[in-house]
Visitor: 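Mind having a look at this structure? Questions to follow.
These values consider heavy atoms only, across backbone and side chains, with no hydrogens, waters or symmetry-generated copies. Just so we're clear, the structure is a prediction, and the values are computed from it rather than from any experiment. Counting starts at 1 for both ligands and their atoms, following the listed order.
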Amino acid sequence: EKGGYDTFMEKEIHEQPHAVADTLLGRTNENGDLVLDEMGMSEEELRAIDKMVIVACGTAAYAGMVAKYAIERWARIPVEVELAHEFRYRDPVIDEKTLVVSISQSGETMDTLMAVRHAKELGARTISICNTHGSTIPRESDGVLYTHAGPEIAVASTKAFLAQITASYILGLYLVQVRGGGHDDGVVEVMRELHQVPEKIQTVLDGMDRVKEIARFMADSRAVLFLGRHVGFPVAMEGALKLKELAYIHAEGFAAGELKHGPIALIEPGQPVFIVVPSPDSEHGLHGKVVSNIQEIRARGARTLVIAEEGDEDVVPFADEVIRVPRTPALLAPLLTVVPLQIFALELSTAKGLDVDQPRNLAKSVTVE
Ligand code: M6R
């Protein structure tokens with residue numbers, strides 16, 4: 001049942017090219033138009049929406065953070081992302097023009113379900129991005145966009161995360177199709193790039209030997225930091241969450257721009273730091289800014305583990321290790337850059353002799369408050 005792998009998590013990580021490809025499958029007609037027939041809302045209703053709020057917990061919330069960058073950029077609609085358990089106890093300013101999008105692998109997370117109910121009571125329209133057919137959250141939402149990752153057994157979410165990000169891109173592109181977009185990232189063009197992602201994920205998976213070695217050397221680490229910017233920020237948070245839950249190591253994800261506002265005080269000789277570097281093609285000179293961050297922490301003795309695009313040579317002088325991912329448009333990069341962090345956590349947990357699929361104190365689906 002583990003398909004030749006030692007753990008479900010390892011199997012599920014290797015299923016990620018399929019999780020993305022299957023989630024993309026069958027979304028377009030012969031003209032290349034997106035067809036989402038379970039949205040539960042007419043195109044006219046979608047045009048009336050003036051704000052989107054994404055509610056989710058844990059890894060699904062990080063998928064929501066990635067979605068915010070892409071959907072705001074493409075569809076020019078304001079997107080807020082909120083942890084479902086915070087949202088449900090607030091008095092949020094939402095109405096029938098608000099689209100509340102929940103993201104959940106299981107479709108049974110109590111806090112996310114309660115957030116959806118809260119949104120409905122306030123008159124908002126609700127869509128669920130979900131991996132489990134017929135589960136409670138999609139049943140209670142106006143519409144649904146199913147992710148096709150297949151069953152996820154390991155407590156730590158991996159392939160569902162990639163599928164959630166993929167589905168949220170599809171949702172963003174659909175909004176562009178229905179409402180028009182603000183930039184020239186065309187729907188057809190982005191879809192074409194997305195279809196190339198599964199093969200690129202496979203390339204990342206095929207080149208993980210060094211990452212596994214690094215993980216085994218680091219089995220005694222006391223703390224590991226993760227830095228990222230833009231869509232690399234939620235990837236850093238997700239990398240830290242994977243390490244906490246699987247290897248019981250203190251881990252923090254930061255926005256690299258925050259360094260000088262506090263976290264850089266944590267840097268001491270030997271402190272391992274993963275840095276998710278934006279593509280050199282990123283807007284606003286973000287790439288150069290992150291390269292300077294690497295330089296700054298290295299000068300203070302950090303051990304820099306750098307995830308960078310193929311061909312990005314600027315990082316090399318400041319990197320103790322460079323982990324390469326194939327080139328891809330900046331907004332799609334999380335589908336690639338998170339993979340080495342998943343493998344790292346898996347391998348480190350295994351090196352410590354821990355139960356990868358069933359970490360202590362955790363349940364796969366949190367159906368209580
Ligand atoms: O089933 P859901 O997507 O609603 O679950 C949300 C979180 O409980 C889940 O992502 C959790 O954070 C995972 N253990 C992360 O690996």
Visitor: Name the option, out of Ala160, Cys57, Gly58, that contains the heavy atom nearest to atom 6 (C) of ligand 1.
Guide: Cys57
Visitor: Quick check: does Thr112 get an N/O under 3.5 Å from an N/O on ligand 1?
Guide: no
Visitor: Please confirm whether the backbone N or O of Leu162 pairs with a side-chain atom of Thr166, one donor and one acceptor, at under 3.5 Å?
Guide: yes
Visitor: Does a donor on one side chain and an acceptor on the other come within less than 3.5 Å for Glu309 and Ser279?
Guide: yes
Visitor: With distance as the sole criterion, is a donor-acceptor pair present between the side chains of Gln164 and Thr147 under 3.5 Å?
Guide: no
Visitor: With heavy-atom distances below 4.0 Å as the criterion, list the atoms of ligand 1 near Ser106.
Guide: 1 (O), 2 (P), 4 (O)
Visitor: How are the rings of Tyr5 and His14 set relative to one another: parallel (under 30°), tilted (30 to 60°) or perpendicular (over 60°)?
Guide: parallel
Visitor: Inspect the contact between Arg90 and Glu86 and indicate whether a charged nitrogen and a carboxylate oxygen are less than 4.0 angstrom apart.
Guide: no
Visitor: Under 4.0 Å, counting heavy atoms only: does Lys364 come that close to any atom of ligand 1?
Guide: no
Visitor: With heavy atoms of Gln105 as the reference, note each atom of ligand 1 found under 4.0 Å away.
Guide: 1 (O), 2 (P), 3 (O), 4 (O)
Visitor: Only one of Thr28, Val188, Val187 forms a side chain to side chain contact (heavy atoms under 4.5 Å, CB included) with Leu173, so which one is it?
Guide: Val187
Visitor: Would you say the ring centers of Phe233 and Tyr69 fall short of 6.0 Å from each other?
Guide: no
Visitor: With nothing but distance in play, are any N or O atoms of Val366 less than 3.5 Å from an N or O of ligand 1?
Guide: no
Visitor: Check each heavy atom of Glu245 against ligand 1 and say whether those closer than 4.0 Å belong to the side chain, the backbone, both or neither.
Guide: side chain
Visitor: Ala156: heavy atom below 4.0 Å from ligand 1, yes or no?
Guide: yes
Visitor: Whether the Thr59 and Lys242 side chains hold a donor-acceptor pair (N or O, under 3.5 Å, no angle test) is what I'd like checked.
Guide: yes
Visitor: Checking the side chain of Arg229 only, and the main-chain atoms of Lys289 only, is there a donor and an acceptor separated by less than 3.5 Å?
Guide: no
Visitor: For atom 13 (C) of ligand 1, what is the closest protein heavy atom, and at what distance to 0.1 Å?
Guide: Val155 O, 3.8 Å
Visitor: Run the numbers for me: atoms of ligand 1, each under 4.0 Å from some heavy atom of Thr109, listed by number.
Guide: 1 (O), 2 (P), 4 (O), 5 (O)
Visitor: Which is it for Thr59 and ligand 1 at heavy atoms under 4.0 Å: side chain, backbone, both or neither?
Guide: both
Visitor: If you count the atoms of ligand 1 from 1 in the order shown, which ones are under 4.0 Å from a heavy atom of Ser157?
Guide: 15 (C), 16 (O)
Visitor: Please identify which atoms of ligand 1 are closer than 4.0 Å to at least one heavy atom of Lys242.
Guide: 15 (C), 16 (O)
Visitor: Number the atoms of ligand 1 from 1 as they appear, then name those within less than 4.0 Å of a heavy atom of Ser104, with their elements.
Guide: 1 (O), 2 (P), 3 (O), 4 (O)
